[in-house]
Amino acid sequence: MNEIFSIAGKVAVITGAGGVLGGSIAKSFVEAGAKVVAIDIRQEQLDVRIKELTDIGGEAIGIIGNVLDIESLEKVAQEILAKWGRIDILLNIAGGNMPGATLAPDQAFHDMKISDWEKVTSLNLNGTVYPSMVFGKVMSEQKSGSIINISSMAAYSAITRVPGYSVAKTGISNFTQWLATEMALKYGDGIRVNALAPGFFIGDQNRAVLINPDGSLTERSQKVLAKTPMNRFGDITELNGAVQFLCSPAASFITGVVLPVDGGFSAFSGV
Ligand code: NAD
């Protein structure tokens, strides 16, 4: 790999690494020579992930952690510092929608369950802010680091039925710009903060609304493809290169961007 795109030897914390996209990124990171700290709340998923990463010769550890619990994250940070002495990269991947927070087609907005709204907005927004505070503190002490957040197409224009998820992802786009500015004003080019805005990838969070039980496309996923000029869903590996690029020296003058990885969805008016 050309040096300018290298992340070899970097210590990378990946939240939600037990999930579909986090798992794919974690694999690409160990393949690129990074040391991966996989964080998730699900022990079983974490065990599967660490076996997968170490089976291919990767340097990786799994630590149970809750992105909504600052104390749990502080313990994780101490554990990483004791093992590897530094934290170079934070990938805030934990997040997602929940069936209970998605309005049914015949449901009115005023029927929305407030408890689910609170869960989804908190997981996505606070679940990005809290790890950024805890692991960002280590980066501030080092005066170096790179943070990547995950926004969404829902942050660009309205996507029906998912109000909480959309509001939280819009918050993540703004938080990315805010924290990038704050870090650059304090630490120059040492600490960079960027985000990806994935288009539509089939994950656990959205499989049921995009794919019918018989494997055919739902009416909703047909609408998604009609507005995606490349006319397909993303493959889960298609975020990997963009994340690595943003964390590498090649992106040394890039901070505060939200990069769409969407097959053209955000560029297209639909006409
Ligand atoms: P996923 O559900 O497969 O993975 C999310 C992981 O986060 C899970 O392993 C889960 O256990 C973990 N997690 C949940 N709550 C946690 C907590 N409190 N603390 C620690 N870990 C926790 O989801 P995915 O499809 O891989 O999505 C990953 C990210 O990408 C999410 O932020 C999602 O919103 C975003 N995204 C996904 C798509 C898509 O099409 N799949 C599109 C746009 C954005």
Side-chain angles (χ1 to χ4, degrees), residues 13-28 37-50 52 62-73 75-76 90-99 101-102 116 118-132 134-135 148-156 159 162 164-173 175-176 195-211 218 220-221 224-225 228 232-240 242-243 258-263 265-266:
V13 176
I14 308 180
T15 74
V20 176
L21 298 177
S24 175
I25 295 168
K27 184 162 175 273
S28 75
V37 182
I39 296 177
D40 209 285
I41 35 166
R42 296 184 295 169
Q43 181 75 61
E44 222 174 291
Q45 271 309 108
L46 206 50
D47 293 345
V48 170
R49 187 69 63 228
I50 293 305
E52 185 184 287
I63 309 179
I64 284 289
N66 180 353
V67 293
L68 297 176
D69 178 351
I70 296 253
E71 257 179 52
S72 122
L73 296 173
K75 281 191 198 131
V76 172
L90 167 63
L91 309 182
N92 282 312
I93 314 292
N97 201 10
M98 298 170 189
T102 301
D116 289 334
E118 283 172 356
K119 272 188 214 151
V120 163
T121 51
S122 180
L123 172 61
N124 287 283
L125 185 53
N126 297 335
T128 293
V129 172
Y130 297 175
S132 300
V134 172
F135 302 113
I148 308 291
N149 301 324
I150 303 289
S151 181
S152 164
M153 283 303 113
Y156 289 73
I159 289 178
V162 291
Y165 183 76
S166 304
V167 163
K169 291 297 191 183
T170 308
I172 289 176
S173 291
F175 173 65
T176 300
L196 297 187
F200 291 78
F201 294 69
I202 308 287
D204 291 343
Q205 63 164 0
N206 59 8
R207 186 170 286 108
V209 291
L210 295 178
I211 306 289
T218 62
R220 189 172 174 86
S221 62
V224 168
L225 292 185
T228 305
R232 65 170 175 88
F233 294 108
D235 181 86
I236 56 162
T237 59
E238 288 180 304
L239 293 180
N240 303 347
V243 177
V258 181
L259 176 67
V261 183
D262 66 345
F265 185 95
S266 60

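From a predicted model like this one, the values you see are computed outputs, not experimental measurements. Computation of the quantities below employed the complete heavy-atom set of this structure, encompassing side-chain atoms and omitting hydrogens, waters and symmetry-equivalent molecules. Ligands are counted one by one from 1 in listed order, and the atoms in each one are counted from 1 as well.
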Enquirer: Which option wins on minimum heavy-atom distance to atom 30 (O) of ligand 1: Leu21, Leu239, Leu73?
Expert: Leu21
Enquirer: May I ask which of Gly16, Gly22, Gly23, Ala154 has a heavy atom nearer to atom 6 (C) of ligand 1 than the others do?
Expert: Gly16
Enquirer: Check each atom of ligand 1 against the heavy atoms of Gly65 and keep those under 4.0 Å away; list them by number with element.
Expert: 19 (N), 20 (C)
Enquirer: Any atom of ligand 1 sitting under 4.0 Å from a heavy atom of Met153?
Expert: no
Enquirer: Can you find a non-hydrogen atom of Ile41 under 4.0 Å from ligand 1?
Expert: yes
Enquirer: With nothing but distance in play, are any N or O atoms of Ser151 less than 3.5 Å from an N or O of ligand 1?
Expert: no
Enquirer: List every atom of ligand 1 that sits less than 4.0 Å from any heavy atom of Asn66, numbering the atoms from 1 in the order shown and giving each element.
Expert: 17 (C), 18 (N), 19 (N)
Enquirer: Could you tell me if the side chain of Thr218 sits less than 4.5 Å from the side chain of Val209, heavy atoms only?
Expert: no
Enquirer: Taking Arg49 for the side chain and Lys27 for the main chain, is one N or O donor matched with an acceptor at less than 3.5 Å?
Expert: no
Enquirer: Answer side chain, backbone, both or neither: which part of Gln45 comes under 4.0 Å from ligand 1, heavy atoms only.
Expert: neither
Enquirer: Is it true that a side-chain atom of Ser173 and a backbone atom of Ser151 form a donor plus acceptor pair closer than 3.5 Å?
Expert: no
Enquirer: Ile39 versus ligand 1: do any nitrogen or oxygen atoms come within less than 3.5 Å of each other?
Expert: no
Enquirer: Should one rank Gly127, Ala17, Gly95 by closest heavy-atom distance to atom 23 (O) of ligand 1, which comes out on top?
Expert: Gly95
Enquirer: Are the side chains of Tyr130 and Val67 in contact, using a 4.5 Å heavy-atom criterion?
Expert: no
Enquirer: Who's closest to atom 36 (N) of ligand 1 heavy-atom-wise, of Tyr165, Phe200, Phe233?
Expert: Tyr165
Enquirer: Which residues pass the side-chain contact (heavy atoms from CB on, under 4.5 Å) test with Thr176, sequence neighbours left out?
Expert: Asn149, Ile172, Val193, Ala195
Enquirer: Just do the side-chain contact (heavy atoms from CB on, under 4.5 Å) check on Lys75 and Asp69 with the steps written out, would you?
Expert: CA-CA 10 Å; Lys75 281 191 198 131; Asp69 178 351; over 6 Å; no
Enquirer: Kindly indicate whether the side chain of Tyr156, heavy atoms from C-beta on, has any atom under 4.5 Å from the side chain of Val258.
Expert: yes
Enquirer: Please confirm whether the backbone N or O of Lys119 pairs with a side-chain atom of Ser122, one donor and one acceptor, at under 3.5 Å?
Expert: no
Enquirer: Below 3.5 angstrom, do we get any N/O pair linking Phe201 and ligand 1?
Expert: yes
Enquirer: Hey, which atoms in ligand 1 end up nearer than 4.0 Å to a heavy atom of Leu123?
Expert: 15 (N), 16 (C), 18 (N)
Enquirer: For atom 31 (C) of ligand 1, tell me which residue out of Asn97, Ile150, Ile93, Val67 has the closest non-hydrogen atom.
Expert: Ile93
Enquirer: Tell me every residue that passes side-chain contact (heavy atoms from CB on, under 4.5 Å) with Ser24, counting only those two or more places apart in sequence or in another chain.
Expert: Ile236, Thr237, Asn240
